[in-house]
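Structure, as structure tokens:
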Number of protein chains: 2
Amino acid sequence: MALKHAVLAALLGGEYSGYQLTKIFDVGVSNFWYAAPQQLYAELTRLEADGLITGREVVQKGRPNKRVFTVTEAGLGELTAFAAAPAKPLLIRDDLVVKVHAVDRLDPAPVIAQLRERAREAAAKLDLFRQILARLRGDLDEETFLREGEHVGPYLSCLAGCRLERETHDWCLQTARTLTERAARTEGRTP
Amino acid sequence: MALKHAVLAALLGGEYSGYQLTKIFDVGVSNFWYAAPQQLYAELTRLEADGLITGREVVQKGRPNKRVFTVTEAGLGELTAFAAAPAKPLLIRDDLVVKVHAVDRLDPAPVIAQLRERAREAAAKLDLFRQILARLRGDLDEETFLREGEHVGPYLSCLAGCRLERETHDWCLQTARTLTERAARTEGRTP
DNA sequence: CATTCCATGTAAGGAGTTACATGATTAA
DNA sequence: TTAATCATGTAACTCCTTACATGGAATG
């Protein structure tokens with residue numbers, strides 16, 4: 001199982017409902033994992049049935065009640081075993097890079113548009129991640145926080161997200177610029 | 001279908017057999033897609049049945065014969081449609097970052113070991129990608145090649161791979177160092 | 001003689017995606 | 001009153017992963 005450990009890891013950060021988790025996993029949990037809402041609800045049901053998490057009903061006024069979940073001792077044990085097991089290689093699959101790979105034989109215009117769009121998204125995510133980092137480290141500077149702060153796990157994983165988004169952003173813009181310039185030169189020749 | 005377009009894109013680079021593709025996809029085609037051998041053989045069968053690629057038997061001496069594949073006109077059409085369609089968001093799933101995220105409540109030792117191992121792998125891939133880039137650009141420098149070279153697609157996608165591996169490498173080492181130092185400080189306190 | 005490389009698959013099962021469904025509340 | 005947000009799912013399908021299978025040639 002794959003989502004399992006990502007959910008457990010996310011729930012270490014506090015009690016969350018299925019809906020709250022969908023928000024967290026929608027951004028990709030600091031970009032290390034993505035999951036659709038239906039997946040999460042199904043996974044929470046399974047994890048609770050397996051005793052790795054426990055749910056608690058929270059009554060709300062003005063909006064539907066919700067169930068929030070916490071990791072149990074058994075869940076923590078599962079995470080420990082998971083952390084000790086050899087890591088699977090990073091899994092990355094990206095449509096856009098496939099398109100760039102093939103761009104020599106294709107119309108570059110839509111690819112360029114998508115690169116620009118992706119760059120915007122990456123910039124937005126980077127912004128978001130930086131806010132999360134600032135909130136996590138409070139009034140300490142990064143170095144001090146990493147040395148003395150209490151919970152560095154989420155901070156470190158978010159740093160990974162920052163790096164990825166920054167590089168994505170830069171690569172997209174560089175690639176878009178390269179393709180744009182080449183397209184301009186080709187146009188100049190063909191008419 | 002997902003693999004489909006990655007295979008078509010890879011086959012634009014020339015004629016390859018299933019086996020050769022497994023080698024290419026094993027590295028992740030410059031890190032943008034990974035696929036297992038069985039997936040590839042199945043996908044090639046399907047693509048040929050759909051007329052998007054054509055196979056050709058190559059008789060070899062001293063080793064088993066093989067079938068190599070080329071993209072057809074229909075295949076190129078499929079790729080064009082794919083390139084014009086909106087890109088799906090980058091899909092990234094990484095065990096190791098999940099472990100780091102949860103590391104505050106876990107034994108950091110195995111996580112640190114895995115971070116170092118991942119750093120080594122990333123360095124190796126980075127090396128490989130740099131060789132590929134050098135081969136692709138020939139005796140031109142990068143700027144000139146990107147401006148005037150003939151096939152920049154594979155070069156640009158490989159650049160994406162380089163960025164990813166470089167960041168992975170640096171992040172792994174920085175994270176391993178942070179966790180190591182914190183572990184040392186905790187040890188100093190608990191005995 | 002054992003291992004690695006070349007070459008190609010089948011079969012079963014687990015994971016993820018897409019499409020659809022429901023219903024209340026709050027903000028524009 | 002229309003849309004967005006909160007809240008939770010089911011069902012069908014596609015895709016991917018894991019395990020297993022085969023067999024010759026080259027390398028050490």
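Chain A is the first sequence line, chain B the second, and so forth, proteins listed ahead of strands; every chain is numbered from 1.
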(message) One character per nucleotide, please: for nucleotides 22-28 of chain C, 5' to 3', B when the base has a protein heavy atom closer than 4.0 Å, S when only the sugar-phosphate does, - otherwise.
(response) -B-SS--
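- With rounding to whole Å, A:Lys23 atom NZ is found 7 Å from D:dT5 atom P.
- With hydrogens and angles disregarded, a donor-acceptor distance shorter than 3.5 Å links the side chain of B:Lys99 to the backbone of A:Phe82.
- Helix bend of the helix from C:dC1-D:dG28 to C:dA28-D:dT1: the angle between its two end axes, each built from five pairs, comes to 50° after rounding to 10°.
- Stacking of A:Lys66 on the aromatic ring of A:Tyr19 is not recorded, the 6.0 Å distance cut-off and the 45° axial limit not both being met.
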(request) Evaluate the side chain to side chain donor-acceptor pair (under 3.5 Å) criterion for residues B:Arg137 and B:Tyr155: first the C-alpha distance (whole Å), next the side-chain angles of each, then the deciding distance (0.1 Å), finally the verdict. (result) CA-CA 8 Å; B:Arg137 87 172 91 85; B:Tyr155 196 93; 2.9 Å; yes
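- For B:Gln39, whose side chain is taken as the heavy atoms from C-beta onward, the closest listed nucleotide among D:dC16, D:dT8, C:dT17 is D:dC16.
- Contact check, A:Tyr19 against D:dT8: no side-chain N or O comes under 4.0 Å of OP1 or OP2.
- In this structure, A:Leu126 CG and A:Glu121 CD are separated by 13.5 Å, a value rounded to the nearest 0.5 Å.
- Between the CD atom of A:Glu43 and the CZ atom of A:Phe25 there is a distance of 9.0 Å, given to the nearest 0.5 Å.
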(request) Please report the C-alpha distance between A:Arg118 and A:Asp94 in whole Å, then the side-chain angles of each, then the deciding distance to 0.1 Å, and finally whether the salt bridge (Lys or Arg N to Asp or Glu O under 4.0 Å) criterion is met. (result) CA-CA 11 Å; A:Arg118 176 68 67 84; A:Asp94 192 349; 3.1 Å; yes
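- Taking atom CZ on A:Phe69 and atom C1' on D:dT8, their separation rounds to 10 Å, with Å as the unit.
- For the pair A:Asp141 and A:Arg147, the salt-bridge criterion is not met [side-chain N within less than 4.0 Å of a carboxylate O].
- Remark: side-chain polar atoms of A:Glu165 are not paired, donor with acceptor, to backbone N or O of A:Lys125 under 3.5 angstrom.
- We find that CZ of A:Arg46 is positioned 11 Å from P of D:dT10, with the value rounded to whole Å.
- Within residues 89-101 of chain A, no residue has any heavy atom closer than 4.0 Å to DNA chain C.
- Each of B:Asn65 and A:Tyr34 lies near DNA chain C, and the nucleotide nearest B:Asn65 is the one positioned closer to the 5' end.
- The side chain of B:Gln60 places an N or O atom within less than 4.0 Å of a non-bridging phosphate oxygen (OP1 or OP2) of C:dA7.
- Considering only side-chain N and O atoms, A:Gln38 lies nowhere under 4.0 angstrom from the phosphate OP1 or OP2 of D:dT10.
- Side-chain N or O atoms of B:Arg182 include one that pairs as donor or acceptor with a backbone N or O of A:Gly149 at under 3.5 Å.
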(request) Evaluate the criterion side chain to side chain donor-acceptor pair (under 3.5 Å) for residue pair A:Thr175 and A:Arg116; output intermediate values, then yes/no. (result) CA-CA 9 Å; A:Thr175 303; A:Arg116 297 224 168 96; over 6 Å; no
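- Counting non-hydrogen atoms of neighbouring residues, nucleotides and ligands closer than 6.0 angstrom, the CD atom of A:Glu73 reaches no more than 12 such neighbours.
- Taking atom CG of B:Asp26 as the reference point, atom P of C:dC5 lies 12 Å away to the nearest angstrom.
- One interatomic measurement links the two molecules: NZ of A:Lys88 to P of D:dT17, which rounds to 9 Å at whole-angstrom precision.
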